[in-house]
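Below, read A as the first sequence line, B as the second, and so on, with proteins coming before strands; counting in each chain starts at 1. Values below: all heavy atoms of this structure, side chains included; hydrogens, waters and symmetry mates excluded.
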There are 2 protein chains.
Amino acid sequence: MSTTSESPQRNTRQRRAVAAIMADLEGFASAQQIHDILKQRGESVGLSTVYRNLQALADADLLDALRNDDGETLYRRCSSGHHHHLVCRQCGRTVEVEGPTVERWADAVADDHGFRDVEHTLEIFGTCGDCAS
Amino acid sequence: MSTTSESPQRNTRQRRAVAAIMADLEGFASAQQIHDILKQRGESVGLSTVYRNLQALADADLLDALRNDDGETLYRRCSSGHHHHLVCRQCGRTVEVEGPTVERWADAVADDHGFRDVEHTLEIFGTCGDCAS
DNA sequence: ACTACTCTCGGAAACGATTGTCAAATCCGT
DNA sequence: ACGGATTTGACAATCGTTTCCGAGAGTAGT
């Protein structure tokens with residue numbers, strides 16, 4: 001499988017259901033939460049399947065994935081291109097932010113120390129206005 | 001535990017052994033790796049104890065902790081104060097970096113969106129000069 | 001529509017890091 | 001050295017996630 005094709009990607013009810021949830025969802029959610037939501041909507045999908053499909057979507061860059069402090073992986077739909085997140089630690093509301101300054105700073109710092117092929121991760125956590133009251 | 005004192009903090013062989021390892025260690029290491037190193041040095045310490053002491057040291061801001069992509073928590077000694085890391089993804093060599101500009105930017109962005117109690121995480125990964133050759 | 005060939009599903013078992021339990025060992029002030 | 005509190009450590013339990021594997025469902029070819 002080194003050469004070309006990804007797997008053919010079949011169009012299943014479960015795949016559609018997970019994608020639909022993610023399209024609606026505002027903040028980050030864990031695989032288990034998404035599994036619960038599916039159950040509530042009556043579109044029951046096996047937990048393993050939820051995990052698999054979320055991974056697939058994340059691999060295809062259709063979802064952002066991040067780990068919270070509890071070690072859970074959270075998913076959320078995302079716009080294309082490089083960006084970071086401002087996440088409410090109460091309700092999960094998320095704002096995508098860009099910071100050209102930060103990008104340049106990170107690259108410059110890495111360059112100063114002779115590092116190549118630089119990447120970075122940056123997340124901002126806080127309590128949003130609504131949750132603060 | 002809201003009120004006053006930290007726990008009395010006793011000076012045990014195990015606590016000293018863990019602290020000693022961390023003083024020597026150059027890059028980030030997982031609790032289990034540290035447990036192994038202790039065993040090799042003949043200073044055997046229970047795994048739970050290693051976990052507990054690493055957490056305690058991290059809580060006391062004597063160690064930095066970060067999670068790798070595999071979900072393991074890695075520890076490393078650190079200087080005091082807020083800082084970030086530039087980590088070589090090959091050899092683990094780590095440089096502590098500061099970025100007042102970034103701090104201000106993050107706070108400003110969060111403030112713009114009405115977020116309070118803001119924290120952020122930022123790590124830079126790359127290949128260091130030595131490993132690039 | 002029928003067949004054959006996969007890919008996918010799902011429930012249960014496996015996994016791996018971490019945390020909890022609790023009796024025994026160890027500290028440390030007195 | 002004594003005694004009460006903390007800490008240790010072997011083991012079990014937890015928790016998120018992954019893997020297994022037989023059954024089920026898409027899809028292409030006829």
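A sub-4.0 Å separation between OP1 or OP2 of D:dG9 and a side-chain N or O of B:Gln14 is present. A sub-4.0 Å separation between OP1 or OP2 of D:dG16 and a side-chain N or O of A:Thr73 is absent. In terms of phosphate contacts, B:Gln55 brings a side-chain nitrogen or oxygen within less than 4.0 Å of OP1 or OP2 of C:dT19.
For the 3.5 Å distance criterion, the side chains of A:Glu96 and A:Ser79 qualify, holding a donor opposite an acceptor.
For B:Glu98, the CD atom sits in a loose shell: 12 or fewer heavy atoms of surrounding residues, nucleotides or ligands are nearer than 6.0 Å. Summarising the local packing, CG of B:Asp24 is surrounded by more than 12 heavy atoms from other residues, nucleotides or ligands at distances under 6.0 Å. Heavy-atom neighbours of A:Arg116 CZ from other residues, nucleotides or ligands within 6.0 Å: at or below the threshold of 12.
Axis orientation changes by 40° from one end of the helix from C:dA1-D:dT30 to C:dT30-D:dA1 to the other, with each end axis drawn from 5 pairs and the value rounded to 10°.
Heavy-atom minimum distance, A:Asp64 versus A:His83: OD2-NE2, 2.8 Å. The two residues A:Ala110 and B:Leu86 come nearest to each other via the heavy atoms CA-CD2, 3.8 Å. Pairing each heavy atom of B:Thr127 with each of B:Cys88, the nearest pair is CA-SG, 4.1 Å. Heavy atoms only, all atoms of each residue included: A:Gly126 and B:Phe115 are closest at C-CD2, 3.9 Å.
Residues passing the ring pair (Phe, Tyr, Trp, His ring centres under 6.0 Å) test with A:Phe28 are A:His85, sequence neighbours excluded. Partners of B:His84 by ring pair (Phe, Tyr, Trp, His ring centres under 6.0 Å), not counting sequence neighbours, listed by chain and number: B:His82, B:His120.
Checked by atom type and distance alone, the side chain of A:Asp70 never pairs as donor or acceptor with a backbone atom of A:Glu72 at under 3.5 Å.
Here the P atom of nucleotide C:dG10 and the CZ atom of A:Arg15 are 11 Å apart, to the nearest Å. With rounding to whole Å, A:Arg67 atom CZ is found 18 Å from D:dC15 atom P. Atom CG of A:Asp70 and atom P of C:dG16 are 22 Å apart (whole Å).
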Any protein N or O atoms within reach of nucleotides 1-3 of chain D? Criterion: under 3.5 Å, listing atom names and distances.
none

### Task
Using a 4.0 Å cut-off on protein heavy atoms (strictly under), produce a 5'-to-3' string for nucleotides 25-30 of chain D with B for base contact, S for backbone-only sugar-phosphate contact, and - for none.
BBS---
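We find that B:Arg16 and B:Glu43 are not joined by a salt bridge, their nearest charged nitrogen and carboxylate oxygen being 4.0 Å or further apart.
One hydrophobic cluster, built from ILVMFWY side chains closer than 4.5 Å, holds both B:Val50 and B:Met22.
Within residues 28-53 of chain A, the residues that have a heavy atom under 4.0 Å from DNA chain D are, in order of number, A:Gln32, A:Ser48, A:Tyr51, A:Arg52.
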